[in-house]
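Note sheet for the following structure.
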Amino acid sequence: SSELFTLTYGALVTQLCKDYENDEDVNKQLDKIQLPHFFPRGYNIGVRLIEDFLARSNVGRCHDFRETADVIAKVAFKMYLGITPSITNWSPAGDEFSLILENNPLVDFVELPDNHSTLIYSNLLCGVLRGALEMVQMAVEAKFVQDTLKGDGVTEIRMRFIRRIEDNLPAGEE
């Protein structure tokens, strides 16, 4: 259930805050490094989650970054978090956009203590997005721009397309 996940995630963040000296180290851990045995973090969750997503969603290959944005917002977030963020603030080149979450289920029941003002509590989401998209040959940057936990009206994740990842096969193999 989503409430169990939210509470478990909260316990994880609390433990990381105890284990690391500063919020920046906690933010990095939430984004990419794997936890012992049972609960991989951000990037590693995305790497594992993409197979489940592709199997359950019947979504085919996206042809461009706009189509990818639609699938992320309308299918993936809905499937795994029960929300549908809006897609806004496209760059003129079409290589950047923002996901606006009116409601972030990860922050239900959460208040940031004053001594953790630089903690990006939901940074796991950025790692999940990067890891999943890398598995479908897209290098992206994902970062929080606004956060309701820090007094902003909405949560905003900024996504930037970096490059298409080409498979590098050894010479003579296809």
Side-chain angles (χ1 to χ4, degrees), residues 2 4-57 59 62 65 68-85 87 95-101 103-108 110 112 116-150 152 154-165:
S2 63
L4 177 62
F5 176 72
T6 299
L7 294 172
T8 304
Y9 183 71
L12 164 71
V13 175
T14 299
Q15 187 60 50
L16 288 172
C17 287
K18 291 177 183 174
D19 291 348
Y20 292 90
E21 290 184 23
N22 62 56
D23 289 347
E24 185 61 33
D25 290 338
V26 175
N27 294 338
K28 287 177 186 175
Q29 293 299 314
L30 289 171
D31 180 73
K32 61 184 173 186
I33 298 176
Q34 190 168 341
L35 280 170
H37 312 347
F38 67 98
F39 200 122
R41 290 187 217 155
Y43 176 85
N44 294 311
I45 289 175
V47 167
R48 293 179 183 169
L49 201 60
I50 192 66
E51 289 180 25
D52 177 69
F53 173 77
L54 292 172
R56 290 178 50 200
S57 70
V59 170
C62 295
F65 200 45
T68 301
D70 281 341
V71 170
I72 289 168
K74 296 174 183 170
V75 182
F77 268 86
K78 183 72 170 172
M79 184 182 293
Y80 293 106
L81 292 176
I83 61 170
T84 304
I87 304 165
D95 61 348
E96 290 187 53
F97 66 90
S98 292
L99 290 169
I100 305 294
L101 289 72
N103 177 30
N104 178 358
L106 289 182
V107 301
D108 289 347
V110 175
L112 285 182
H116 288 287
S117 61
T118 59
L119 178 67
I120 305 170
Y121 184 86
S122 299
N123 210 34
L124 172 94
L125 296 175
C126 292
V128 168
L129 290 164
R130 282 187 317 100
L133 290 174
E134 186 172 302
M135 293 296 96
V136 292
Q137 280 73 45
M138 288 185 127
V140 299
E141 176 185 272
K143 64 181 180 180
F144 276 84
V145 178
Q146 295 185 74
D147 191 343
T148 56
L149 283 179
K150 297 183 179 182
D152 297 317
V154 295
T155 297
E156 178 182 356
I157 300 173
R158 188 76 181 157
M159 300 281 300
R160 183 175 66 87
F161 178 80
I162 299 171
R163 65 181 163 72
R164 171 97 28 217
I165 300 170

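One is the number of the first residue; the rest follow in order along the sequence. It should be emphasised that the depicted structure is a prediction, and the values quoted were computed from it without experimental measurement.
- When only modelled atom types and interatomic distance are considered, Gln15 and Asp19 share a side-chain donor-acceptor pair under 3.5 Å.
- From Gln146, atom CD reaches atom CZ of Arg158 across 11.5 Å, with rounding to the nearest 0.5 Å.
- Using a 4.5 Å heavy-atom cutoff, the side chains of Asn27 and Phe144 are not in contact.
- The shortest distance between side-chain heavy atoms of Met159 and Ser98 does not fall below 4.5 Å.
- Between Leu133 and Ile72 the shortest heavy-atom distance is CD1-CD1, 3.9 Å.
- When side chains are defined from C-beta on, Asn22 does not count as touching Tyr20, because their heavy atoms never get closer than 4.5 Å.
- Using bins of under 30°, 30° to 60° and over 60° for the plane-to-plane angle, the ring pair Phe53/Tyr80 lands in the tilted bin.
- Annotation for Tyr121 and Gly10: closest pair OH-CA, 3.0 Å, computed over non-hydrogen atoms.
- Closest of all the heavy-atom pairs between Asp31 and Cys126 is OD1-C, 3.9 Å.
- With contacts defined as side-chain heavy-atom distances shorter than 4.5 Å, the pair Ser122/Val107 qualifies.
- Between Pro85 and Ile100 the shortest side-chain heavy-atom distance does not fall below 4.5 Å.
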side-chain contact (heavy atoms from CB on, under 4.5 Å) evaluation trace for Leu12 with Leu124: CA-CA 11 Å; Leu12 164 71; Leu124 172 94; 5.6 Å; no
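- For the pair Ile83/Lys78, no side-chain contact is recorded, criterion being any heavy-atom separation below 4.5 Å from C-beta on.
- From Cys17, atom SG reaches atom CG of Leu30 across 8.0 Å, with rounding to the nearest 0.5 Å.
- Note that the CZ atom of Arg130 and the NZ atom of Lys143 stand 13.0 Å from one another [nearest 0.5 Å].
- Side-chain atoms of Asp23 come within 3.5 Å of backbone N or O of Thr118 as a donor-acceptor pair.
- Atom-to-atom distance recorded for Thr68:OG1 and Ile87:CD1 is 10.0 Å, nearest 0.5 angstrom.
- Inter-residue side-chain proximity for Phe77 and Leu129 is flagged as met; some heavy-atom pair is nearer than 4.5 Å.
- Using modelled atom types, no side-chain atom of Asp152 and backbone atom of Val154 make a donor-acceptor pair closer than 3.5 Å.
- Here the CD-CD1 distance, from Glu141 to Ile157, works out to 12.5 Å after rounding to the nearest 0.5 Å.
- At least one side-chain heavy atom of Asp108 sits less than 4.5 Å from a side-chain heavy atom of Asn103.
- Here the straight-line distance linking atom CG of Leu81 with atom CG of Leu125 works out to 6.0 Å at 0.5 Å rounding.
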Stepwise side-chain contact (heavy atoms from CB on, under 4.5 Å) check, Phe65 with Met138: CA-CA 9 Å; Phe65 200 45; Met138 288 185 127; 3.8 Å; yes
Verdict with supporting geometry, Gln29 and Asp25, side-chain contact (heavy atoms from CB on, under 4.5 Å): CA-CA 6 Å; Gln29 293 299 314; Asp25 290 338; 5.6 Å; no
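- Within a 6.0 Å radius of NZ in Lys150, more than 12 heavy atoms belonging to other residues, nucleotides or ligands are found.
- Taking every heavy atom of both residues into account, Ala73 and Thr84 meet most closely at O-CG2, 3.6 Å.
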